[in-house]
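Labels below follow one simple rule: chain letters A, B, ... track the order of the sequence lines, proteins then strands, and each chain is numbered from 1. Fair warning: this is a prediction, and the values are worked out from it, not measured in the lab.
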There are 2 protein chains.
Amino acid sequence: MTTLKELAKLLNISVSTVSKALNDSHEISATTKRRVNELAEKLNYKPNRIAQQLKSNTTKTIGVILPTVTNPFFAEVLHGIETNATKNKYDIIVCLSDESLTKEQRSLELLSNGSVDGFIIAVARESQVLEQTAHINTVINNKIPVLMFDRVVNEITCDKVVVDDFQSVFEATEYLIKTEQRKHILLVSNIEELSVGKLRIKGYQKSIEDANLKSNVLKLSKVDDVEKHIYNYLQDNPETDAIVSIDHITGIIAINMAKKTGKNIPKDISVIGFGYEHTQLLSSPKISIVHQKAYEIGEMSVKLLIDNLKSEDHKVKTIVVPSELKLGESTK
Amino acid sequence: MTTLKELAKLLNISVSTVSKALNDSHEISATTKRRVNELAEKLNYKPNRIAQQLKSNTTKTIGVILPTVTNPFFAEVLHGIETNATKNKYDIIVCLSDESLTKEQRSLELLSNGSVDGFIIAVARESQVLEQTAHINTVINNKIPVLMFDRVVNEITCDKVVVDDFQSVFEATEYLIKTEQRKHILLVSNIEELSVGKLRIKGYQKSIEDANLKSNVLKLSKVDDVEKHIYNYLQDNPETDAIVSIDHITGIIAINMAKKTGKNIPKDISVIGFGYEHTQLLSSPKISIVHQKAYEIGEMSVKLLIDNLKSEDHKVKTIVVPSELKLGESTK
DNA sequence: TTGTAGGCGTTATCAA
DNA sequence: TTGATAACGCCTACAA
């Protein structure tokens, strides 16, 4: 890689002159600037990023710590993060915790050595279940800004970007009750132990209670054969006329199983699931979904974190990104 | 952040002594080492990564450039890359090209300033279709190692990790012909313009030719309503008794559509798609898939790139990661 | 056993 | 208008 020193030597001028010329300083004459720029162009000079980082004590890099990226929600959030970071001339270093507390701790620890200016994190399932989150506070105490999204720890004070988990499921359920007159609504879930899962279930229950209906929750996260469990439930409870799934998997399975029991969708049973971009393609009829604005969550997270990085007196915020009920063909 | 200088000052010794003590140099006395280590521990000292990078002229960071991460194949490859990179104490900077040539060029350009030691890249759809790949050679000419995976440019000389696209579809088709005695096999695709898509279609065609059957290819990548196209085809060609999908979407849609036309799967029609971890969950009956070892592709890519980074006289290799036919319930 | 000095590539201050 | 120098934080050859 070409350096300032090399350019200086070739042009017989000093390093600092070259530096100033390249940065278009008013101190430098037009001719010198021209000479310098021409050579720099020719040798494809690019200022060494590492040196700039050392000098400026800032990396323009964000550490992004995700539980997984095979879950389409996090994939789409990452998409939003990457796009918006790039737009703001930030790079992202991505670490996957694989839902493991240890990996999450290690990643945070490893990047807290000047590698990044700040973190965007969705905490691992294990960290959330065990309520072990001291490592996050450690980072914050080291004055490295942290933004948490989706899976959030209430006890930690930092910027947060969350989904309207309670409200969205409340409304989805209410839609089934009020608009579709459904009376026997099942909730299926494979994420009931997560903060977001709990909130979504509460939204369902509130709506059910308001209508004096019976709550039916099928928890599947520790179960092998999800298909079979849903199928059996539907066989045993043939009065079921609607299903709400609070994740991006069980809704589609529920559609398949309901069809298998001979029910017509949406005539006999309505189904509302959670989903993102392509989810609807994969079911027939196309599943109605609570569409979480995953991309926007990523975008907002970057925006808020960069705000924090740039301003001296940043005050902590929590932003709620509202979801949208996107009706497909699995509701009437 | 605590620095060597600060430690030195507090202990009234020189910076180099501190440095050596922390690196457990034999030059330093046990007592000094203890004093230094204790204080370092107490102040949570961590060597500044940027300074180390500048000093060593190596970043221990890999630039990963992916077309997208919402496609589960790339998500799983990323998983493999991240895990193996971390294991080898490398970070990854992730850029998404969004299938755009321009974004891909920009990302490569931007990171070619010392930010990374090497690249892992799957070229964007646009770059591949337009056959514009000079930017990749530029990087290689700058002596930054590049590894390409999956979507590969034959004209470029560098390490490659690819899937056995031709062979896997050849075998899947052969399975339908020889084991299941299928005679009217349809291939559906939404990626026929990609190098991998072309190879997969060739594998299908070879197998079909070998058996003296008729080739039927349904190209859907520029089509709005994939469901409808598949449904119509099945209506118009009721003799169809097997479907091969060469992507991770159209196989599941084909199952749904075949069911819709009243066919029984796998009795009347067999379906084999492409897929990864969770794909099989989303269809009923569970789809049989060509399982690309996406995670392994990521792992191998990192391994090969790091080999290249470490050895002086690295010779260029292409590694083929074989896929596996994973029979589900959509074949007999 | 400890310390001094120089350098990685850049930028900024100050002097010429 | 240009150049010398110092500094960012770390490491290391060499001197003490």
Could you run down the sub-3.5 Å N/O contacts of the protein with nucleotides 1-4 of chain C?
unit_1: dT2(C); atom_1: OP1; unit_2: S29(B); atom_2: OG; d: 3.4
unit_1: dT2(C); atom_1: OP1; unit_2: T32(B); atom_2: OG1; d: 2.6
unit_1: dT2(C); atom_1: OP2; unit_2: S29(B); atom_2: N; d: 3.0
unit_1: dT2(C); atom_1: OP2; unit_2: S29(B); atom_2: OG; d: 3.2
unit_1: dT2(C); atom_1: OP2; unit_2: T32(B); atom_2: OG1; d: 3.1
unit_1: dT2(C); atom_1: O4; unit_2: E27(B); atom_2: OE1; d: 3.4
unit_1: dG3(C); atom_1: OP2; unit_2: S14(B); atom_2: N; d: 3.0
unit_1: dG3(C); atom_1: OP2; unit_2: S14(B); atom_2: OG; d: 3.3
unit_1: dG3(C); atom_1: OP2; unit_2: T17(B); atom_2: OG1; d: 2.6
unit_1: dG3(C); atom_1: N7; unit_2: S16(B); atom_2: OG; d: 3.2
unit_1: dG3(C); atom_1: O6; unit_2: K20(B); atom_2: NZ; d: 2.2
unit_1: dT4(C); atom_1: O4; unit_2: S16(B); atom_2: OG; d: 2.9

task: Over 60° means perpendicular and under 30° means parallel, so classify the ring planes of Y276(A) and F73(A), tilted if in between.
output: tilted
message: Contact list please: residues 38-58 of chain A against DNA chain C, heavy atoms, distance less than 4.0 Å, in numerical order.
response: Y45(A), K46(A), P47(A), N48(A), A51(A), Q52(A), K55(A)
Report yes or no: do [X] and [Y] form a side-chain donor-acceptor pair below 3.5 Å?
| X | Y | answer |
| --- | --- | --- |
| H135(A) | E104(A) | yes |
| S14(A) | S16(A) | yes |
| T61(A) | D91(A) | no |

query: Short question: side chain of N84(B), backbone of G80(B) - any donor-acceptor pair under 3.5 Å?
result: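 No, N84(B) side chain to G80(B) backbone: no donor-acceptor pair under 3.5 Å.
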query: Do E193(A) side-chain atoms and V129(A) backbone N/O form a donor-acceptor pair below 3.5 Å?
result: no
query: Of all nucleotides in DNA chain D with an atom under 4.0 Å from a non-hydrogen atom of chain A, which is the first and which the last going 5' to 3'?
result: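 First and last nucleotides in contact are dT1(D) to dG9(D).
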- prompt: Whole-Å distance between dG9(C) P and L22(A) CG?
  reply: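 Going from L22(A) (CG) to dG9(C) (P), I get 15 Å.
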Neighbour count above 12 (heavy atom, 6.0 Å) for K46(B) NZ: yes
task: Mark yes when over 12 heavy atoms from residues, nucleotides or ligands other than K60(B) sit less than 6.0 Å from its NZ; otherwise mark no.
output: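 Atom NZ in K60(B) is crowded, with more than 12 foreign heavy atoms closer than 6.0 Å.
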message: What I'd like to find out is whether the side chain of V146(B) reaches to under 4.5 Å of the side chain of L108(B), using heavy atoms alone.
response: no
message: Whether K103(A) and E126(A) form a salt bridge (side-chain N of Lys/Arg under 4.0 Å from carboxylate O of Asp/Glu) is what I want to check.
response: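 Answer for the salt bridge query: no.
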query: Closer than 4.0 Å, any side-chain N/O of S19(A) to the OP1 or OP2 of dT10(C)?
result: no
